[in-house]
Amino acid sequence: MLSRPTVFIETYGCQMNVSDSELMLGRLADAGYVAVDSPVGADVILLNTCAIRDHAEQRVIGRLGELRRDMKPDTVVGVTGCMAQRLGPRLLEQAKHVSLVIGPDGYRALPALVEGARQGKRMAATDFDLEEHYEDFAPRRFDKVKAWIPVQRGCDYKCTYCIVPTTRGPERSRRLADVVREVEQVVADGMSEIVLLGQTVNSWFDGSHDFGDLLRAVGAVDGIRRVRFTSPHPNDFTDRVIAAMAETPTVCEHVHLPMQSGSSRTLKRMLRRYTREGYLDCVRRMREAIPGLSLTTDVIVGFPGESDADFEETLSAVREVSFMDAFTFKFSPREGTPATRMPEHDTVPDAVASERLDRLVATVRGIAREQNLQRLGQTVEVLLEKPARRGDLLQGRTRDFRTVLVPGDAAQLGSYLTVQLTGTTGATFTGTPVAKRQPLAMVG
Ligand code: SAH
Ligand code: SF4
Ligand code: F3S
């Protein structure tokens with residue numbers, strides 16, 4: 001009997017790419033491939049890539065070099081995702097051992113393309129397909145506790161630093177009924193947390209329903225206990241969406257709300273379409289509606305023209321919002337984006353950007369530590385997500401997205417525990433399970 005061909009996928013970049021890898025593996029499994037955990041000896045190796053910063057692309061180039069040394073001579077190497085879309089056939093010229101280049105809208109043809117490559121062809125498939133949501137694919141999920149649910153592809157914003165509109169094309173939304181059907185399947189598969197994905201996920205609109213309707217619909221699916229979403233855009237938090245978050249008990253009290261800068265001048269040059277005040281107002285409206293809401297964010301330092309005063313405004317906004325955590329980045333110029341055409345003298349020297357990054361990171365850490373120290377002693381609900389790096393501990397998350405390490409064994413993964421927060425490193429907590437408190441009496 002012929003043994004079935006094996007495939008290994010390595011994923012870079014954001015959750016959207018993780019979700020796409022799950023779809024690709026599902027598609028290939030249906031076509032008879034067996035997923036393996038290591039590239040060594042695999043018949044097909046796919047790198048699902050990210051193009052967001054130069055560093056992300058350099059990592060992939062380094063990895064391709066390593067693979068060339070280690071792979072079997074007849075292994076098919078494919079590059080998929082955002083870097084594949086950005087570079088297209090150029091990648092085939094630059095890396096002779098790569099035979100497939102497939103952009104984010106090309107995965108339907110994956111089995112045929114891989115088959116062609118196994119017969120010696122070299123191909124690039126980088127057309128956008130505005131109808132494509134891979135509705136009929138059955139994703140092979142890596143995570144057994146929370147399910148990534150892509151609800152929107154592409155992006156219609158044009159932030160001047162960003163490559164995503166180029167790599168993922170125009171925005172489009174799945175239909176509400178299709179999303180709900182997938183969420184029901186997730187419950188049938190034993191999971192109770194979902195994360196809705198889109199580049200500006202709260203601008204989701206399927207022609208008759210808005211993101212508020214979507215939250216209410218998925219939040220009401222029997223068996224779902226936690227609903228999260230990423231990443232929203234501040235301008236798309238309408239009162240309807242905020243009301244749906246507040247009124248849907250399964251929607252968690254955490255929002256990742258990319259700010260990028262706290263300076264209105266810089267925000268304007270980034271074409272973020274809100275001001276510092278607009279951002280802070282969005283935060284205020286959400287906090288008024290949702291008690292206990294925690295916020296995380298993305299910030300870029302060293303954007304062209306960012307002055308010391310602009311950066312100080314970013315620091316002060318970070319303090320004012322009191323973010324629980326932040327992903328912080330040095331601006332990385334991306335070929336073809338408007339930010340690369342800003343005047344030369346606006347370039348922020350790397351040493352200045354590095355120093356700003358250090359100060360920003362220290363500020364974020366200080367705020368997190370202060371918040372976390374105040375929480376010691378509290379009792380919280382934790383969903384156990386994965387084994388912790390440290391030995392016999394499990395890593396869980398609170399509804400408001402804090403990380404808690406608790407003693408336990410792998411059989412408990414996917415279950416909920418009531419724990420008391422007993423210690424903190426400043427960034428994460430340790431906790432001790434406590435018996436769930438029973439209500440003393442029925443009220444009302
Ligand atoms: N769609 C999401 C962001 C996706 S990219 C949103 O609009 O919020 C994730 C983060 O990468 C961005 O929020 C931004 O902080 C950062 N980023 C994007 N382009 C960048 C660039 N050219 N240089 C540095 N950081 C960048
Ligand atoms: Fe990029 Fe802006 Fe779109 Fe986010 S909203 S993906 S930062 S263009
Ligand atoms: Fe990277 Fe593409 Fe996501 S550029 S951040 S993998 S949308």
Side-chain angles (χ1 to χ4, degrees), residues 7-28 30-31 33 44-54 56-61 63-64 67 76-118 121-137 139-140 148 150-159 162-174 197-200 332 334-337:
V7 55
F8 171 74
I9 299 194
E10 192 161 274
T11 309
Y12 297 79
C14 64
Q15 288 95 340
M16 189 63 81
N17 253 19
V18 175
S19 165
D20 280 351
S21 288
E22 294 180 338
L23 288 166
M24 282 192 263
L25 267 192
R27 179 69 164 177
L28 287 173
D30 282 347
Y33 287 80
V44 180
I45 299 175
L46 299 175
L47 299 189
N48 192 16
T49 62
C50 173
I52 201 78
R53 284 168 291 275
D54 185 53
E57 294 199 354
Q58 292 309 323
R59 279 180 63 205
V60 170
I61 289 167
R63 186 65 170 135
L64 282 173
L67 290 174
V76 166
V77 177
V79 178
T80 65
C82 290
M83 190 177 164
Q85 184 70 36
R86 190 178 90 73
L87 293 172
R90 276 192 275 171
L91 256 175
L92 292 176
E93 283 154 36
Q94 284 167 15
K96 295 289 179 218
H97 59 309
V98 171
S99 50
L100 280 179
V101 173
I102 314 174
D105 285 351
Y107 304 146
R108 181 165 296 279
L110 198 56
L113 290 168
V114 170
E115 204 40 55
R118 294 182 76 202
K121 291 191 195 127
R122 300 180 81 219
M123 285 162 290
T126 53
D127 287 342
F128 286 128
D129 178 350
L130 301 192
E131 304 295 312
E132 188 58 275
H133 284 292
Y134 305 116
E135 280 314 336
D136 52 329
F137 284 32
R140 257 187 69 117
W148 309 113
V151 300
Q152 174 194 60
R153 300 182 72 85
C155 181
D156 276 350
Y157 281 83
K158 295 271 178 294
C159 304
C162 187
I163 197 72
V164 171
T166 310
T167 64
R168 290 201 164 253
E171 175 185 324
R172 63 222 108 125
S173 293
R174 285 173 78 184
L197 299 179
Q199 290 302 339
T200 57
S332 169
R334 309 309 292 131
E335 189 186 338
T337 59

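What's counted below: heavy atoms across the whole structure, side chains too, no hydrogens, waters or symmetry copies.
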Less than 4.5 Å apart, any side-chain heavy atom of [X] and any of [Y]?
X: Val164; Y: Met16; result: no
X: Pro170; Y: Leu130; result: yes
X: Phe137; Y: Arg108; result: yes
X: Leu100; Y: Val44; result: no
X: Val7; Y: Leu25; result: yes

Between [X] and [Y], which heavy-atom pair has the shortest distance, and what is it?
X: Pro165; Y: Cys155; result: CB-O, 4.0 Å
X: Thr167; Y: Phe128; result: O-CE2, 3.6 Å
X: Gly88; Y: Ala124; result: C-CB, 4.4 Å
X: Pro150; Y: Arg174; result: O-NH1, 2.8 Å
X: Ala117; Y: Val76; result: CB-CG1, 3.7 Å
X: Arg86; Y: Arg90; result: O-NH2, 3.6 Å

Counting only heavy atoms from other residues, nucleotides and ligands, does the tally under 6.0 Å from [atom1] of [X] exceed 12?
X: Glu335; atom1: CD; result: no
X: Arg59; atom1: CZ; result: no
X: Glu131; atom1: CD; result: no

| query | How far apart are the C-alpha atoms of Glu57 and Arg334, what are their side-chain angles, what is the distance that settles it, and do they pass the salt bridge (Lys or Arg N to Asp or Glu O under 4.0 Å) test? | reply | CA-CA 11 Å; Glu57 294 199 354; Arg334 309 309 292 131; 3.2 Å; yes
| task | Carefully, step by step, assess Leu46 and Leu28 under the rule side chain to side chain contact (heavy atoms under 4.5 Å, CB included). | result | CA-CA 11 Å; Leu46 299 175; Leu28 287 173; 4.0 Å; yes
Examine distances only and state if a side-chain atom of [X] and a backbone atom of [Y] form a donor-acceptor pair shorter than 3.5 Å.
X: Gln85; Y: Thr126; result: yes
X: Arg122; Y: Leu92; result: yes
X: Ser19; Y: Gln15; result: no
X: Ser332; Y: Asp54; result: yes
X: Glu132; Y: Gly106; result: no

| request: Determine, stepwise, if the pair Thr11 / Cys50 fulfils side chain to side chain contact (heavy atoms under 4.5 Å, CB included). | output: CA-CA 8 Å; Thr11 309; Cys50 173; over 6 Å; no
| task | With side chain to side chain contact (heavy atoms under 4.5 Å, CB included) as the test, would you mind laying out the steps for Arg27 and Tyr107 before giving the verdict? | result | CA-CA 8 Å; Arg27 179 69 164 177; Tyr107 304 146; over 6 Å; no
Out of curiosity, [X] [atom1] to [Y] [atom2], how far, rounded to the nearest 0.5 Å?
X: Leu91; Y: Ile102; atom1: CG; atom2: CD1; value: 12.0 Å
X: Leu47; Y: Tyr12; atom1: CG; atom2: OH; value: 5.5 Å
X: Leu110; Y: Glu115; atom1: CG; atom2: CD; value: 11.5 Å
X: Leu23; Y: Asp136; atom1: CG; atom2: CG; value: 10.0 Å
X: Ser173; Y: His133; atom1: OG; atom2: NE2; value: 6.5 Å
X: Cys162; Y: Arg53; atom1: SG; atom2: CZ; value: 9.5 Å

| Are Arg140 and Asp30 ion-paired here, with the side-chain N under 4.0 Å from a carboxylate O? | no
| Ion pair present between Arg153 and Asp129, side-chain N to carboxylate O less than 4.0 angstrom? | no
| task | Begin with the C-alpha distance, continue with both residues' side-chain angles, and end with the deciding distance and a verdict on side chain to side chain contact (heavy atoms under 4.5 Å, CB included) for Ile61 and Gln58. | result | CA-CA 5 Å; Ile61 289 167; Gln58 292 309 323; 4.2 Å; yes
| query | Does any donor atom in the side chain of Glu171 or Gln152 lie under 3.5 Å from an acceptor atom in the other side chain? | reply | yes
